[in-house]
Amino acid sequence: MSEQTLSGSPGTLALYPRAVAPLIPGLSRLPFVPGRGKTVPTRELVLEDVSVDPEHLARYARVCGFRLAATLPATYPHMLAFGLHMKLMTRGDFPFAPVGLVHIENTITQRQALRTTDRLEIRVSATQPEPHPKGRTFAFLTEARVDGEVLWEERSTMLRRGGGGGDVRRPPSRPKQPDLPARAQWTLPGGLGRRYGSVSGDRNPIHLTGLTARLFGFDSAIAHGMWTKARCLAALEGRYPTAFRAEVAFRQPIKLPGRVTFASEERPSGLRFAVRDTKRGTPHLDGTLTRLERAHT
Amino acid sequence: MTQKLRRAAIVGGNRIPFARSNSTYAEASNQDMLAAALEGLVSRYGLEGERLGEVVAGAVLKHSRDRDLTRETVLGSRLSPETPAYDVQQACGTGLEAAILVANKVALGQIDVGIAGGVDTTSDAPISVNDDLRRILIDLNRQKTNAGRLRTLAGVRPGQLVPDFPRNAEPRTGLSMGEHQAITAARWGITRAAQDELTAASHTNLAAAYDRGFMNDLMQPYLGQERDQNLRPDSTVEKLAKLKPVFGGPDGTMTAGNSTPLSDGASTVLIASEEWAKEKGLPVLAYLSHAETAAVDYVGGDEGLLMAPAYAVPRMLARAGLTLEELDLYELHEAFAAQVLTTLAAWEDPVFAREKLGLDAAVGTVDRTKLNVNGGSLAAGHPFAATGGRIVASLAKELHARGGGKGLISVCAAGGQGVVAILESEGV
């Protein structure tokens, strides 16, 4: 695998023209426009000596409902890696165009809480495409290291709808989700996607306004999946140790503005949690938090 | 009903370093900071999942949305969510008063263990709408017709749109705390040199405490701050002498150096019965044995705003059957160097003793080598409600490390109040 160390986090705003370019008919034949490759390039992007900007962390904590602590929210390194994800996807040899990709699963494994003062090394690579009943998937593999030790890992599975999925056998149907007791109701304002978008740099038009979302086939702007996961972990704050794995599957998108119900329960398999539409019960997110032995005691 | 009293043990404490206003902690709320201090305490003493008797804390500058600040902090912590909590507020006495409240419940056997704490931010301060505008908005809400609403809104004047910032001023006198203290200092003839000397000692002592690792198990870094931001290890009387007076006019003696700066921070203290500490294998650093809160009439009477500790301490000593000189260490909260010096002067004055305290002789003299031996608020900073917890934890540790003894804590507060207490330790 080739490794490329970047001198700084790429500005994501500048990458959007490239991200959107494949949507314009004809452009995808140009060499620098993503969507041409058949396989995911075996390339690892590395950012070294990354430090956390306390002001950005505070904005992130506020929008997600975390408290500003001496350690980072477990979803925060995703922010630090987002620029690398975009960079990887907007290369001409990347087989998928970024806009229109759907984040369907996210697993974060935290061996030890990262401190706000840690100097981090962020490494990002992507897996080869795999067939999926609804299209093709690949995953971003992200690591956060401190002094060479991997303390945090993430697997973000992305789906490209359509193309190449028809010939696979349907995987076993989704295991029935447990009926969890409701714990809280969250009222999500219409501007949530814009607010989280400005903090995270993820300004995918489907999150910003109803109008831009409609261009991509959604009725209204939808909440970011990683915001929803972060909001869940914030709601569970204090109820899990510093070493854990949090796996979520993103189901139906949350339309903004909206009202959703957060549910959770302690099960033998771990702490189960879910987000449902308050009125209809439509599933938005299903998650499990498994406690791990600490890397160091 | 007869009830046997138990001793309330100070097991330990944890705080975050204090920061100057609008600096490192500018983005942190009271709940963020209190939670950070509490999380450190939970980790240090293995309290994960424990249901404690109670957590008591408070903040002086509090947002209306932080109605149940302490309970909300507990709910997000790794303590059992079944741990009850409540807020207290007694200006700068909040932190010490919270410790007294928890210690009293432990002593009475009502709880076995509790946490006392305090937090304040002067950066993320509660700014409210101008009181005139507030009344207009309430009236607007009351109006039933659009015409009525329009009439109400038409009454708004531009000046009423200016928000109210919290002010460090006494509501009944309109004077700031520093202005009040400047009057008291002048009355007692407290010199600039004496104030600067006390200030330099505060910085020197706190710097020495850090250097010998004394703070290591009393503190946890937060947002990149590892030491109290206000600390100037190289502070000297000569440097302090160059500062211009900020209170008491051009001839005033009080400067930005010998007055505490506005600060942000939080502190917590773990208080338990001896049995609980023993069961958990945790040390007992000291016991909170006596406490007193006094208030003075600084509005209609002739006493200084920050003089209440001068009254509270002799009353407490009388009840405890102790003299001032029998104490081994003295922690006088340094709101202003002049506040500490006027208090010491009052205790040395036989006229004050006779006329104000009704005593035959002066209260006594404090050996300066035993005063604020690990620094005070002038060096550490003073996030109002967090100061009490800072002092309780560090004095308990110091008494324990010295092989035992008795220590005095004295904290002056707005509203003419003073909270004082005695810690006693049997040493290692």
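Order of the sequence lines fixes the chain letters, A, B, ..., with proteins taken first and strands second; residue numbering starts at 1 for each chain.
The nearest pair of heavy atoms linking L68(A) to D32(B) is N-OD1, 2.8 Å. Of all the heavy atoms in R67(A) and E72(B), the pair that sits closest is NH1-O, 3.5 Å. What you find for A70(A) and P221(B) is that their closest heavy atoms are CB-O, 3.7 Å.
Within 6.0 Å of CZ in R51(B) there are 12 or fewer heavy atoms belonging to other residues, nucleotides or ligands. By the neighbour-count criterion of 12 heavy atoms within 6.0 Å, atom CD of E226(B) is sparsely surrounded, having that number or fewer from other residues, nucleotides or ligands. The number of heavy atoms from other shown groups lying within 6.0 Å of CD (Q185(A)) is above 12. Summarising the local packing, CD of E82(B) is surrounded by 12 or fewer heavy atoms from other residues, nucleotides or ligands at distances under 6.0 Å. By the 6.0 Å contact criterion, NZ on K62(B) is enclosed, its count of non-hydrogen atoms from other residues, nucleotides or ligands being greater than 12. Atom CG of D49(A) has more than 12 heavy atoms from other residues, nucleotides or ligands within 6.0 Å.
Note that the OG1 atom of T117(A) and the OH atom of Y222(B) stand 12.5 Å from one another [nearest 0.5 Å].
Using a 4.0 Å cut-off between a side-chain N of Lys or Arg and a carboxylate O of Asp or Glu, E27(B) and R62(A) qualify as a salt bridge.
Taking 4.5 Å as the limit, every side-chain heavy atom of E237(A) sits out of range of all side-chain heavy atoms of S77(B).
Looking at Q225(B), neither its backbone nor its side chain comes within 4.5 Å of chain A, counting heavy atoms on both sides. When heavy atoms are compared at a cutoff of 4.5 Å, T73(B) approaches chain A by way of both its backbone and its side chain.
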